[in-house]
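What follows is a set of notes on a single structure, which appears directly below.
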There are 2 protein chains.
Amino acid sequence: MDTTQEHSEALDLPFNVFAKACPSRITLEHLTGRWGALTLGALYEGSLRFNELRRRVDGVSEKMLSQTLHALERDGLVHREAQPTNPPRVDYELTPLGREVAKRLIGLIHFVEGHMADVLDARRRYDETRGAL
Amino acid sequence: MDTTQEHSEALDLPFNVFAKACPSRITLEHLTGRWGALTLGALYEGSLRFNELRRRVDGVSEKMLSQTLHALERDGLVHREAQPTNPPRVDYELTPLGREVAKRLIGLIHFVEGHMADVLDARRRYDETRGAL
DNA sequence: CCGTATCCGATGCGATACTG
DNA sequence: CAGTATCGCATCGGATACGG
């Protein structure tokens, strides 16, 4: 048998997001947090500079983008390449691990975007039956 | 050509999470929020009752689980089935749409869990080089 | 251009208590 | 059992200002 990486249920394997104290839960939150998924998604197409990224991820503040990038860099998903020129130029790109994660997030994003009509319908029905009470 | 559901870049198609005002962004946040992903993941294996779910998603409070379930139900990802018995019994299960989403989230979760060693290594390296400054 | 520092309001979220 | 209501702290997160 091989013990590579099957689990996540109620198993006693090394990492399990469903367990309160598991570090994988923190990392999952970095990826799926409000800006994490969008940042990784934006970088999936290629390396981007700070302000390019900021324009692409519409609505993100400098503070949050910076914070998000730090967390993702620390987790080894994003690589930061600073050139000591003037004016400074900094490129962000996905690491191989980051690409894998981003690919999955993009899949999820596309799926959601493609089914928003269904979601909106469901919401309308929900609100109608509830509002009518 | 078919216009089923390809997009998400800077296209002008109906829904684009990268755009600030797009409703798809809200939905994505429901899915990927702190408890959304775990709740959907837990329900992937089958229908669960409120307190079963609560035990399974370790650390979630009644309030947040309730709130999360409402959001997911409203978005049409979770179906709530209440039986008017005493004591009351309420089962939550994924809708077909919810199953699709959950499947992708589970994939992401398993990937993260399976690569936490890499992430932890990256963090250690990051913290060492930064702490040494 | 690439950020960090500070202020401060909005929201998230857990703890607790209470209802059907 | 399956929730809702309320409280209060903590974190999120935008706006602004400043520094390399």
Side-chain angles (χ1 to χ4, degrees), chain A residues 17-21 25-39 42-43 47-74 78-93 126 130-131 133, chain B residues 17-21 25-39 42-43 47-74 78-93 126 130-131 133:
Chain A
V17 271
F18 291 100
K20 191 176 177 179
R25 187 180 282 191
I26 308 292
T27 297
L28 184 66
E29 281 164 21
H30 290 162
L31 308 185
T32 62
R34 180 155 185 205
W35 302 115
L38 296 178
T39 301
L43 286 173
S47 154
L48 288 173
R49 301 172 63 178
F50 189 82
N51 282 324
E52 287 175 334
L53 209 39
R54 223 188 131 199
R55 277 186 294 275
R56 203 134 166 42
V57 180
D58 188 22
V60 69
S61 65
E62 292 187 349
K63 178 185 170 183
M64 291 318 296
L65 181 55
S66 173
Q67 203 169 105
T68 301
L69 285 168
H70 279 316
L72 295 176
E73 188 192 356
R74 189 164 104 98
V78 164
H79 175 68
R80 180 177 183 278
E81 183 103 21
Q83 272 141 9
T85 60
N86 194 313
R89 176 191 179 97
V90 181
D91 290 279
Y92 291 92
E93 61 181 347
Y126 183 94
R130 298 282 164 150
L133 290 184
Chain B
V17 272
F18 291 101
K20 190 176 177 179
R25 186 181 283 192
I26 308 292
T27 298
L28 184 67
E29 281 165 21
H30 290 162
L31 309 184
T32 62
R34 179 154 185 207
W35 302 114
L38 296 178
T39 301
L43 286 173
S47 155
L48 287 173
R49 301 172 63 178
F50 189 82
N51 282 323
E52 288 175 335
L53 210 38
R54 225 191 128 197
R55 277 186 293 276
R56 204 142 162 44
V57 181
D58 189 22
V60 69
S61 65
E62 291 187 351
K63 179 186 168 183
M64 291 317 297
L65 181 55
S66 172
Q67 201 170 106
T68 301
L69 285 169
H70 279 316
L72 295 176
E73 187 192 357
R74 190 165 103 98
V78 163
H79 176 67
R80 180 176 184 279
E81 182 104 22
Q83 273 142 8
T85 60
N86 194 312
R89 178 190 177 98
V90 180
D91 289 279
Y92 292 92
E93 60 181 345
Y126 182 95
R130 298 281 163 149
L133 290 183

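All chains are named by letter (A, B, ...) in the order of the sequence lines, taking the proteins before the strands, and each is independently numbered beginning at 1.
Between the CZ atom of A:R54 and the P atom of D:dG13 there is a distance of 15 Å, rounded to whole Å. We find that CD of A:Q67 is positioned 15 Å from P of D:dA15, with the value rounded to whole Å. In this structure, NZ of B:K63 is placed 20 Å from P of D:dA2, rounded to the nearest angstrom. If you take NZ of B:K20 and P of D:dG13, they are 14 Å apart, rounded to a whole angstrom. Rounded to a whole Å, the CE atom of A:M64 is 13 Å from the P atom of C:dG12.
Here A:R80 lies in heavy-atom contact (under 4.0 Å) with sugar-phosphate atoms only.
Ranked by how close their nearest DNA chain D nucleotide is to the 5' end, B:V90 and A:W35 are led by B:V90. Of the two residues contacting DNA chain C, namely A:P88 and B:V60, the nearest-nucleotide position lying further toward the 5' end is that of A:P88.
The phosphate of C:dC2 (OP1 or OP2) has no side-chain N or O of A:R89 nearer than 4.0 angstrom. Close to D:dG3, at under 4.0 Å from its OP1 or OP2, lies no side-chain N or O of B:H70. For the pair B:N86 and D:dC1, the criterion of a side-chain N or O lying under 4.0 Å from OP1 or OP2 is not met.
Note on A:D91 versus A:R89: salt bridge recorded, some NZ/NE/NH1/NH2 to OD/OE distance being below 4.0 Å.
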